[in-house]
Amino acid sequence: MSHRHVVGVGPTGVGEETARQYYIFFGLIPFNEVDTLRMAGGLNGYAVESSYTFTDFLLMPILLPLTSTSRTVTVQK
């Protein structure tokens, strides 16, 4: 499952940056802040994709007993 948001004219192929967002209480409260604007590096056109990756599914057995989940946030520049 993924969500994609395009800002401005979209990515220009300069690169991408990835971060992991953690949530507690089964996704109700964000545990850390992922700053997509900082990850975009001041560009006017980029795309933000938030998704559950294979790594997130591997982390699930460890995080679920702690009522936590994770998602991967990727900014394509």
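Here, residue 1 is the first one in the sequence, and each next residue gets the next number.
Put simply, the side chain of Leu37 reaches to within 4.5 Å of the side chain of Tyr46, judged on heavy atoms. With a 4.5 Å cut-off on side-chain heavy atoms, Val73 and Thr18 do not count as touching. Side-chain contact between Leu64 and Phe26: present, with at least one pair of heavy atoms (C-beta onward) separated by less than 4.5 Å. For the pair Leu63/Tyr22, a side-chain contact is recorded, criterion being any heavy-atom separation below 4.5 Å from C-beta on.
Residue pairs meeting the side chain to side chain donor-acceptor pair (under 3.5 Å) criterion with at least one partner in residues 49-64, sequence neighbours excluded, are Arg20-Asp56, Ser50-Arg71, Thr53-Asp56, Thr53-Thr72, Asp56-Ser70, Asp56-Thr72.
Linking ILVMFWY residues whenever their side-chain heavy atoms come closer than 4.5 Å, directly or via other members, leaves Val48 and Leu43 in distinct clusters. Cluster membership check: Phe31 shares its hydrophobic cluster with Leu28, using side-chain heavy-atom separations under 4.5 Å among Ile, Leu, Val, Met, Phe, Trp and Tyr.
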TODO: Test side chain to side chain contact (heavy atoms under 4.5 Å, CB included) on Val34 and Met39 and set out the steps.
DONE: CA-CA 8 Å; Val34 174; Met39 291 170 64; 3.6 Å; yes

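Under the side chain to side chain donor-acceptor pair (under 3.5 Å) criterion, Asn32 pairs with Gln21, not counting sequence neighbours. Partners of Thr36 under the side chain to side chain donor-acceptor pair (under 3.5 Å) rule, at least two apart in sequence or in another chain, do not exist in this structure.
Under the 4.0 Å criterion applied to side-chain N and carboxylate O atoms, Lys77 and Glu17 are assigned as salt-bridge partners.
Of the inter-residue distances, the one linking Tyr23 atom OH with Thr67 atom OG1 reads 14.5 Å to the nearest 0.5 angstrom. One distance of note links CG of Leu66 with CZ of Phe25; it measures 11.0 Å at 0.5 Å rounding. One distance of note links OG of Ser68 with CD1 of Ile62; it measures 11.5 Å at 0.5 Å rounding.
Dense packing is recorded around CG of Asp35, with more than 12 heavy atoms of other residues, nucleotides or ligands lying under 6.0 Å away.
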